[in-house]
Undergrad: 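This is the structure I want to talk about, given as structure tokens.
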Amino acid sequence: MSDIIWCVIIGGAMSHANIIIEIYCLLITVILLICNFLSTQKKTADAKSRIMCRMLTTNAGIIMAFTVTVIIDGAVKYKILNVVLTGICYALGAILTELFGEYIFCIVREKVTDSRKLLYALRAVCGAAMLMDIVSIFNGMYFGTVNGYHVRGPFYMVNQILILSIMLLELIYIFARTKIIGKEAAALAMYGILPLFSVILQIFVREYLLMYPAITLSLFIIYVVRYINQADMLNQKNEELTRAILENEKSRQEAEKAN
């Protein structure tokens with residue numbers, strides 16, 4: 001009953017704020033997708049760019065599904081659609097968590113050979129989490145609707161603890177590989193920390209307002225840092241090429257004088 005009262009109180013007041021925030025997040029995600037596409041269309045996209053594209057696309061799917069959920073929340077005739085879209089948000093969230101782990105692992109494997117067992121374990125756990133999210137659409141163990149309003153299911157905390165555990169392990173892996181990851185470690189840690197705290201706050205804040213903006217902000221930070229690192233690497237290569245040309249020209253001139 002308390003869930004129903006809460007939804008009735010905040011449903012109308014918070015829905016507009018949620019929609020505005022999610023539209024901004026969607027715009028940011030789409031802009032990042034376009035930038036990622038433009039930066040890779042003239043060359044073969046590397047593994048990190050492909051994973052980043054999947055992360056941004058998944059995030060866009062989550063935001064669109066959630067936005068529609070906010071719009072129809074409280075409408076009894078759309079209660080089935082409400083539950084289905086909520087399940088899509090949960091399932092895509094599990095996929096996004098797995099893709100983030102793949103992104104970290106991809107950076108590490110560029111420099112050292114790391115065991116792929118961790119990646120397979122991550123895929124298995126996130127796959128199981130996604131499956132349970134889909135099952136929840138039918139049995140309501142994580143979420144459901146009452147009088148058309150979204151409510152949390154009896155095992156909602158199980159889902160939150162599972163996601164928190166995965167994110168925490170990914171964060172620990174980042175800290176353990178900080179020297180190997182290099183400059184991007186701080187940005188990746190932010191992706192782990194911001195959503196981690198937003199999930200914790202979400203347990204106490206009933207409306208869905210914190211998680212998806214935190215993820216979008218984290219993706220933006222990762223993309224910007226990645227772009228800066230690529231620009232630095234390009235400048236470094238240009239400087240090395242310029243030095244090589246100057247040294248070659250100097251050697252040529254000295255050879256001409258000797259002759």
Undergrad: Go through the steps for R123 and L119 under the test side chain to side chain contact (heavy atoms under 4.5 Å, CB included), then give the verdict.
TA: CA-CA 6 Å; R123 288 175 178 173; L119 179 60; 3.6 Å; yes

Undergrad: Please report the interatomic distance CD1(I163) to CG(L168), rounded to the nearest 0.5 Å.
TA: 12.5 Å

Undergrad: At their closest point, which heavy atom of D73 faces which heavy atom of G148, and how far apart are they?
TA: OD1-O, 3.5 Å

Undergrad: For the side chain of K111 and the backbone of I180, is there at least one donor-acceptor N/O pair under 3.5 Å apart?
TA: yes

Undergrad: Yes or no on side chain to side chain contact (heavy atoms under 4.5 Å, CB included) for D133 and I88, after CA distance, side-chain angles and deciding distance?
TA: CA-CA 8 Å; D133 293 334; I88 291 174; over 6 Å; no

Undergrad: Does some side-chain heavy atom of C126 sit less than 4.5 Å from a side-chain heavy atom of I95?
TA: no

Undergrad: Are Y120 and F100 connected in a single hydrophobic cluster, I mean Ile/Leu/Val/Met/Phe/Trp/Tyr linked by side-chain heavy atoms less than 4.5 Å apart?
TA: no

Undergrad: List the atom of E98, the atom of L122, and the distance in Å for their closest heavy-atom pair.
TA: O-CD2, 3.6 Å

Undergrad: Return yes if a side-chain donor-acceptor contact under 3.5 Å exists between N82 and T69, otherwise no.
TA: no

Undergrad: Which pair of non-hydrogen atoms, one from Y103 and one from K48, has the smallest distance, and what is that distance?
TA: CE1-O, 3.6 Å

Undergrad: Do N139 side-chain atoms and M141 backbone N/O form a donor-acceptor pair below 3.5 Å?
TA: yes

Undergrad: Which heavy atom in T57 sits nearest to a heavy atom in L33, and how many Å separate them?
TA: OG1-CD2, 3.7 Å

Undergrad: Is I80 reachable from V76 through a run of hydrophobic residues whose side-chain heavy atoms are each under 4.5 Å from the next?
TA: no

Undergrad: For the atom pair CD1 (I63) and CD1 (I21), what is the distance rounded to the nearest 0.5 Å?
TA: 11.5 Å

Undergrad: Does one hydrophobic cluster hold both I62 and I31, with members joined at side-chain heavy-atom distances below 4.5 Å?
TA: no

Undergrad: Using a 4.5 Å cut-off on heavy atoms from C-beta on, say whether the side chain of T29 contacts that of L219.
TA: no

Undergrad: I would like to know whether E22 and V70 meet side chain to side chain contact (heavy atoms under 4.5 Å, CB included); could you show each step before the answer?
TA: CA-CA 10 Å; E22 296 306 323; V70 173; 5.8 Å; no

Undergrad: Once the angle between the rings of Y90 and Y142 is folded into 0 to 90°, is it parallel (under 30°), tilted (30 to 60°) or perpendicular (over 60°)?
TA: parallel

Undergrad: Considering non-hydrogen atoms only, spot the tightest contact between A129 and L162 and give its length.
TA: CB-CD2, 3.6 Å

Undergrad: Could you give the distance from OG (S136) to OH (Y156), rounded to the nearest 0.5 Å?
TA: 12.0 Å

Undergrad: Would you mind reporting whether L118 and Y173 have side-chain heavy atoms less than 4.5 Å apart?
TA: yes

Undergrad: Are I172 and M167 co-members of a hydrophobic cluster defined by side-chain heavy atoms under 4.5 Å apart?
TA: yes

Undergrad: Where do M130 and A94 come nearest, in terms of heavy atoms and distance?
TA: N-CB, 3.9 Å

Undergrad: Could you give the distance from OG1 (T67) to CG (L85), rounded to the nearest 0.5 Å?
TA: 10.0 Å

Undergrad: Could you measure the distance from the OG1 atom of T145 to the NE2 atom of H150? Nearest 0.5 Å is fine.
TA: 9.0 Å

Undergrad: In Å and rounded to the nearest 0.5 Å, what is the CG to CD distance from L188 to E170?
TA: 10.0 Å

Undergrad: Test M132 against F155 for side chain to side chain contact (heavy atoms under 4.5 Å, CB included), laying out the working first.
TA: CA-CA 11 Å; M132 288 189 289; F155 296 100; over 6 Å; no

